[in-house]
Asks: 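Before I ask anything, let me first share the structure, which is written out below as structure tokens.
Everything numeric in this text was worked out from a predicted model, so none of it was measured. All heavy atoms count here, side chains included; hydrogens, waters and symmetry mates do not.
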Amino acid sequence: MTNEEAIRNITAYVYMECLNMPEQVIKALAMASKALERQIPKKPAYIKEHNVIYFDWRCPCCQREYANSSHGIAYCVDCGQAIDWSNAE
């Protein structure tokens with residue numbers, strides 16, 4: 001099962017069973033879904049401003065700024081978002 005399939009299954013289960021589940025279970029499933037979403041790699045957001053010297057890209061999830069020397073890191077150190085470097089600029 002892929003992360004995308006797991007997210008769809010969790011979401012469907014929560015919607016079908018939300019009236020019968022304790023709130024803590026619903027919250028736990030939402031946290032699990034969010035964690036799975038962050039495992040799906042997303043492209044970095046490149047900073048285009050000319051006055052920015054040190055930072056050149058941002059995490060697509062939490063917007064943390066990174067320096068050019070950090071190209072190629074697999075995950076954001078703040079939020080854990082997987083970074084997709086395929087076809088990087």
Asks: Quick one, Cys76 with Cys62, criterion side chain to side chain contact (heavy atoms under 4.5 Å, CB included). Give me CA distance, side-chain angles, the key distance, then yes/no.
Replies: CA-CA 9 Å; Cys76 174; Cys62 72; 3.6 Å; yes

Asks: I'd like to know if the side chain of Thr11 reaches the main chain of Ile7, judged simply by a donor and an acceptor atom lying under 3.5 Å from each other, with no hydrogens or angles considered.
Replies: yes

Asks: Using a 3.5 Å cut-off and no angle test, enumerate the donor-acceptor pairs between side-chain atoms of residues 34-41 and protein atoms at least two apart in sequence or in another chain.
Replies:
from, atom 1, to, atom 2, distance (Å)
Arg38, NH1, Cys79, O, 3.0

Asks: May I ask you to decide whether Lys42 forms a salt bridge with Asp84, counting only side-chain N to carboxylate O separations under 4.0 Å?
Replies: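 No, no charged N to carboxylate O under 4.0 Å.
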
Asks: Could you grab the distance from atom SG of Cys59 to atom CD of Gln81, nearest 0.5 Å is fine?
Replies: 5.5 Å

Asks: Taking the six-membered ring for Trp, are Tyr66 and Trp57 ring centroids under 6.0 Å apart?
Replies: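 Judged by ring-centre distance (under 6.0 Å), Tyr66 and Trp57 do meet the cut-off.
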
Asks: Is Tyr46 linked to Ile83 within one hydrophobic cluster, defined over Ile, Leu, Val, Met, Phe, Trp and Tyr using a side-chain heavy-atom separation of less than 4.5 Å?
Replies: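 Per the 4.5 Å side-chain linkage, Tyr46 and Ile83 are co-clustered.
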
Asks: Looking at residues at least two apart in the chain, or sitting in another chain, which of them share a side chain to side chain contact (heavy atoms under 4.5 Å, CB included) with Asn9?
Replies: Met1

Asks: Any Lys/Arg nitrogen of Lys27 or Glu23 sitting under 4.0 Å from an Asp/Glu carboxylate oxygen of the other?
Replies: yes

Asks: Checking Glu65 against Asp56 for the side chain to side chain contact (heavy atoms under 4.5 Å, CB included) test, could you report, in this order, the C-alpha distance in whole Å, the side-chain angles of both residues, the deciding distance, and whether it holds?
Replies: CA-CA 7 Å; Glu65 294 180 337; Asp56 74 339; over 6 Å; no

Asks: Could you tell me which non-hydrogen atom of Gly80 sits nearest to which non-hydrogen atom of Tyr75, and how far apart they are?
Replies: O-CD2, 3.2 Å

Asks: Group every Ile, Leu, Val, Met, Phe, Trp and Tyr by side-chain heavy-atom contacts under 4.5 Å, then state whether Ile10 and Ile26 land in the same group.
Replies: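 Ile10 clusters together with Ile26.
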
